[in-house]
Amino acid sequence: MSKGPRAETFIFLDLEATGLPSVDPEIAEICLFAVHRSSLENPEYDESGAPMLPRVLDKLTLCMSPERPFTAKASEITGLSSEGLARCRKAGFDNAVVQVLEAFLSRQEGPLCLVAHNGFDYDFPLLCTELRRLGAHLPRDTICLDTLPVLRGLDRAHSHGTRAQVGKGYSLGSLFRRYFQAEPSAAHSAEGDVHTLLMVFLHRAPELLAWADGQALSWAHVKPMYVPSDGPSLEA
DNA sequence: TGCCAGGCCCTCTTTAGGGCCTT
């Protein structure tokens, strides 16, 4: 059941924000790694047999000052704070961010596939909220892949009823530790988590690419996490 | 300087409850 076009570039995405969906969070850091399909289909491996990061890789990381405060937990785990961002004179998620984002994406061969871990419940709706607030849009043929339900589903299918994999942790860190017997680096920095996400993807690339080709959902299906009640919503 | 959303999954299930996963 194909729901979208075949993606030529995969955009690995992670957001750090002021909290979980319950607090109507705002984005404080965004990171995207753009990887062409060819690099995912033909990964290189190091001497230990682990996949190597593609040599041809576009990266974008931006920090921004949210208007609302961080929850204590969000600030603790991300290392970001309103004070720290303000001290560095970071503007918010504004039209300049949108322009940089659009420029970054426009130089990737489309169609694009956004990839995030728990993306449908967090990163995609939150990004959708921020883009809509500014009247911005992603390319219409953009599709989305959420590695959390897809990897769970693939393992469940492979277990043939043994449930060998099902029930184990599927957090991004758990997957990385399971696949590579190593600790992920820089957890809860946006770039660190995107790096971890890409490595996890590379470990299962043939299956995930096939899944993306057949079952990825359109970005048009993503609903905003919430509708902002304030902010520069009318300036776009 | 906001403790709390919600869809999915598992099981001691299905007349339900609890944990995961994202910050």
Side-chain angles (χ1 to χ4, degrees), chain A residues 11-33 61-88 90 92-93 114-130 144-179 184 186-198 200-201 204 208 211 215-217 221-231:
Chain A
I11 307 293
F12 295 85
L13 164 74
D14 187 63
L15 305 176
E16 303 304 322
T18 55
L20 291 172
S22 54
V23 300
D24 290 358
E26 291 180 57
I27 298 173
E29 187 181 30
I30 183 170
C31 179
L32 303 94
F33 284 12
T61 303
L62 298 171
C63 290
M64 55 212 74
S65 291
E67 294 186 348
R68 272 167 284 180
F70 285 77
T71 64
K73 188 68 176 177
S75 195
E76 176 192 335
I77 66 174
T78 66
L80 296 170
S81 66
S82 298
E83 296 87 345
L85 291 160
R87 191 183 316 121
C88 296
K90 294 302 176 191
F93 194 109
L114 297 187
V115 183
H117 197 64
N118 203 26
F120 279 115
D121 281 340
Y122 193 79
D123 301 84
F124 301 151
L126 180 51
L127 181 61
C128 184
T129 288
E130 299 277 30
C144 303
L145 188 159
D146 182 343
T147 45
L148 174 60
V150 175
L151 288 174
R152 270 184 179 148
L154 288 171
D155 287 344
R156 200 163 48 244
H158 292 163
S159 70
H160 299 296
T162 67
R163 300 187 181 275
Q165 290 286 337
V166 181
K168 287 188 176 178
Y170 280 82
S171 68
L172 191 58
S174 294
L175 290 166
F176 185 88
R177 282 186 285 271
R178 192 183 310 157
Y179 293 166
H188 287 301
S189 77
E191 183 163 348
D193 283 348
V194 173
H195 177 274
T196 301
L197 173 64
L198 175 51
V200 164
F201 190 101
R204 306 287 295 270
L208 291 170
W211 195 96
Q215 300 181 68
L217 286 173
H221 286 97
V222 174
K223 300 285 187 288
M225 184 179 284
Y226 61 96
V227 178
S229 58
D230 52 6

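Side chains included, hydrogens not; waters and symmetry mates left out as well; all remaining heavy atoms used.
- Nucleotide B:dC4 holds its P atom 17 Å from the CE atom of A:Met225, rounded to whole Å.
- To the nearest angstrom, C1' of B:dG6 lies 15 Å from CG of A:Leu126.
- Across all their heavy atoms, A:Val115 and A:Thr147 have their closest contact at CG1-CG2, 3.8 Å.
- B:dT14 and B:dC9: their C1' atoms are spaced 14 Å apart (whole Å).
- On the P atoms, B:dG7 is 26 Å away from B:dG2, given to the nearest whole Å.
- Spacing between atom CG of A:Asp146 and atom P of B:dG6 amounts to 17 Å, rounded to whole angstrom units.
- A distance-only check finds no donor-acceptor pair linking the side chain of A:Glu16 to the backbone of A:Thr78 [under 3.5 Å].
- Taking atom C1' on both nucleotides, B:dT23 is separated from B:dC3 by 13 Å, rounded to a whole Å.
- Here the closest heavy-atom approach between residue A:Leu126 and residue A:Ala17 is recorded as CD2-CB, 3.7 Å.
- Ranked by how close their nearest DNA chain B nucleotide is to the 5' end, A:Ala72 and A:Gly153 are led by A:Ala72.
- For A:Ser22, there are no side-chain hydrogen bond (donor to acceptor under 3.5 Å, both in side chains) partners at least two apart in sequence or on another chain.
- If you run side-chain contact (heavy atoms from CB on, under 4.5 Å) between A:Ile30 and each of A:Leu127, A:Val194, A:Thr61, only A:Leu127 comes through.
- Screening A:Val150, A:Asp193, A:Asp14, A:Leu172 for a side-chain contact (heavy atoms from CB on, under 4.5 Å) involving A:His117 leaves a single residue, A:Leu172.
- Nucleic acid contact for A:Phe70: sugar-phosphate only, since backbone atoms but no base atoms lie under 4.0 Å from a heavy atom of the residue.
- Between the P atom of B:dC8 and the CZ atom of A:Arg156 lies a distance of 11 Å, rounded to the nearest Å.
- Spacing of P atoms, B:dC8 relative to B:dC4, comes out at 24 Å, to the nearest Å.
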Under-3.5 Å N/O pairs linking protein and nucleotides 19-23 of chain B:
from	atom 1	to	atom 2	distance (Å)
B:dC21	OP1	A:Tyr170	N	2.2
B:dC21	OP1	A:Ser171	N	3.2
B:dC21	O2	A:Asn118	ND2	3.4
B:dT22	OP1	A:Leu172	N	2.8
B:dT22	O4'	A:Asn118	ND2	2.8
B:dT23	OP1	A:Asp14	OD1	3.3
B:dT23	O4'	A:Tyr122	OH	3.2
B:dT23	O3'	A:Glu16	OE1	2.8
B:dT23	O3'	A:Ala17	N	2.9

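- Annotation: salt bridge (Lys or Arg N to Asp or Glu O under 4.0 Å) contacts of A:Glu130 (sequence neighbours excluded): A:Arg133.
- For the C1' atoms, the distance from B:dG19 to B:dT13 is 15 Å, rounded to whole Å.
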